[in-house]
Amino acid sequence: MASSATAANSLSFFSSSLFLSSSHQFPKTYISVSKFGSGRVSKPLSVASQLATLPIISFEGEKVGETYLDLKTAPEDTARAVVHRAIVTDLQNKRRGTASTLTRGEVRGGGIKPYSQKKTGHARRGSQRTPLRPGGGVVFGPKPRDWSIKINRKEKRLAISTAISSAATSEGAIVVEEFGDKFGKPKTKDFLAAMERWGLDPKEKAMFLMMDVEENVAKSSRNIGTLRMLTPRTLNLFDILNSDKLVLTPAAVEFLNARYGVDAVETEEEDEDEDEDSTEGSEEAAE
């Protein structure tokens, strides 16, 4: 994750304008949500809406229009906590938890007393399996355990939309016209040339979000170590925060506004998809 000294176009929530206490030049709308039916209502949950205008760039690198992102974001006073809680959950759920050491009762051998109790000039010793000897047991060593923790689905969605909105408002995101059919054959040199036309530095970390990644595009970009090519199914908070530049397509912008926008409505199919994604992620980590 980027440090606090990251440039202004970084997606890190430590340096992004969204997580600072200063005022912003973008309009915001706050929505209060509270539970009904209870006698006493605690502090309502506030969700902010922050509008960001993004330039649309053609494949040749010329500006051809503008679009907007209007996503749900956490308020300034809770944005850091929401994003931090979500990223800690993602990283901790990736831990396999298979580290294991042997205690003195599990180490092989050591059943016989090494030497006599007295008249040797050495400290008394009853077993070679003592933690004081090389090859002996380990005191308070790690044992297999489950590191996974849970987070509310709405809170995780809010963290992702907050991070994306942070990138958009800090000029860390651009929109490029669909370029899946622009590559006739896989060639990394052509993709690097396209990135240069779009104003992207290959030395900086960039995350591309596309609805579908063509085979030639995937093969042309896979040798660029600083680039991540994602789809809505593989979109995750870590890659968003770990990137310096976010590149979207018009179809991806429509998806984000529909999925994470203010007027977005959760459906049972989307909930099942998220559950499947989390299950697949845990299985990949276990492998």
Side-chain angles (χ1 to χ4, degrees), residues 1-3 6-7 9-12 54-62 64 67 69 86-87 90-91 93-96 159-161 163-164 166-168 170-256 259-260 273-274 276-287:
M1 187 176 301
S3 61
T6 316
N9 62 343
S10 172
L11 307 198
S12 170
L54 303 178
I56 301 178
I57 302 176
S58 64
F59 184 74
E60 288 73 20
E62 300 177 356
V64 295
T67 185
L69 272 177
I87 191 64
D90 289 346
L91 295 178
N93 289 346
K94 291 182 179 180
R95 299 190 63 172
R96 300 180 64 180
I160 292 177
S161 61
I164 296 175
S166 170
S170 60
E171 299 181 357
I174 61 173
V175 179
V176 179
E177 287 185 331
E178 301 291 344
F179 55 91
D181 57 346
K182 301 294 184 179
F183 293 88
K185 59 180 180 179
K187 197 169 184 179
T188 305
K189 185 177 181 180
D190 293 345
F191 198 90
L192 289 173
M195 291 180 61
E196 184 177 356
R197 293 195 301 268
W198 300 335
L200 302 177
D201 186 0
K203 296 182 180 180
E204 294 183 348
K205 297 179 181 179
M207 193 202 79
F208 284 69
L209 179 60
M210 305 174 61
M211 297 304 295
D212 187 21
V213 181
E214 299 292 339
E215 182 179 2
N216 289 339
V217 175
K219 290 182 178 180
S220 300
S221 61
R222 64 184 178 183
N223 288 333
I224 306 175
T226 57
L227 187 145
R228 290 283 293 166
M229 192 73 65
L230 303 181
T231 61
R233 191 170 185 83
T234 59
L235 180 63
N236 62 90
L237 183 59
F238 179 82
D239 285 331
I240 297 174
L241 297 177
N242 195 41
S243 301
D244 299 319
K245 202 75 173 183
L246 178 62
V247 182
L248 308 173
T249 60
V253 172
E254 294 180 2
F255 164 79
L256 293 176
R259 186 71 176 270
Y260 302 101
D273 292 341
E274 289 185 357
E276 290 178 1
D277 294 343
S278 60
T279 303
E280 291 176 359
S282 59
E283 290 178 353
E284 292 176 358
E287 294 177 356

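What you are looking at is a predicted structure, and each value in this text was computed from that prediction instead of being measured. Position 1 is the first residue of the sequence; numbering continues from there.
A donor-acceptor pair is defined here as one N or O able to donate and one able to accept, closer than 3.5 Å; such a pair exists between the side chain of Thr226 and the backbone of Pro202. In this structure, the side chain of Ser220 engages the main chain of Lys187 through a donor-acceptor pair within 3.5 Å. In this structure, Asn216 contributes its side chain and Phe183 its backbone to a donor-acceptor pair below 3.5 Å.
For residues 208-228, every residue pair satisfying the salt bridge (Lys or Arg N to Asp or Glu O under 4.0 Å) rule, not counting sequence neighbours, is listed here: Glu215-Lys219, Arg228-Asp239.
Taking CD1 of Ile240 as the start and CD1 of Ile164 as the end, the distance is 4.0 Å to the nearest 0.5 Å. Atoms CG and OG1, from Asn223 and Thr188 in turn, are 4.5 Å apart once rounded to the nearest 0.5 Å. Interatomic distance, CD1 of Ile174 versus CG of Leu54, reported as 9.5 Å (0.5 Å rounding). Ile56 CD1 to Glu62 CD: the interatomic distance, rounded to the nearest 0.5 Å, is 14.0 Å. Between Leu256 atom CG and Leu235 atom CG the span is 7.0 Å, to the nearest 0.5 Å. Expressed to the nearest 0.5 Å, how far CG of Leu246 lies from CE of Met207 amounts to 4.5 Å.
Using cut-offs of 30° and 60° for the angle between ring planes, the Phe255 and Tyr260 rings count as perpendicular. Note: Phe208 and Phe191 have tilted aromatic rings, judged against thresholds of 30 and 60 degrees for the angle between ring planes.
Between Ala86 and Ala159, the shortest heavy-atom distance links the atoms CB-CB, 3.4 Å. For Arg197 against Glu60, the heavy-atom pair with the smallest separation is CD-O, 3.4 Å. Contact between Ala173 and Pro55 at its shortest, heavy atoms only, is O-CD, 4.4 Å. In terms of heavy-atom proximity, Val175 sits nearest to Thr249 at CG1-C, 3.9 Å. Pairing each heavy atom of Val213 with each of Leu230, the nearest pair is CG2-O, 4.4 Å. Of all the heavy atoms in Phe59 and Glu177, the pair that sits closest is N-OE1, 4.3 Å.
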Step-by-step side chain to side chain contact (heavy atoms under 4.5 Å, CB included) determination, Leu69 to Leu248:
CA-CA 11 Å; Leu69 272 177; Leu248 308 173; 4.0 Å; yes
Could you walk me through whether Trp198 and Val176 pass the side chain to side chain contact (heavy atoms under 4.5 Å, CB included) check?
CA-CA 8 Å; Trp198 300 335; Val176 179; 3.6 Å; yes
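Between Leu227 and the options Met195, Glu204, Lys245, a side-chain contact (heavy atoms from CB on, under 4.5 Å) holds for only Met195.
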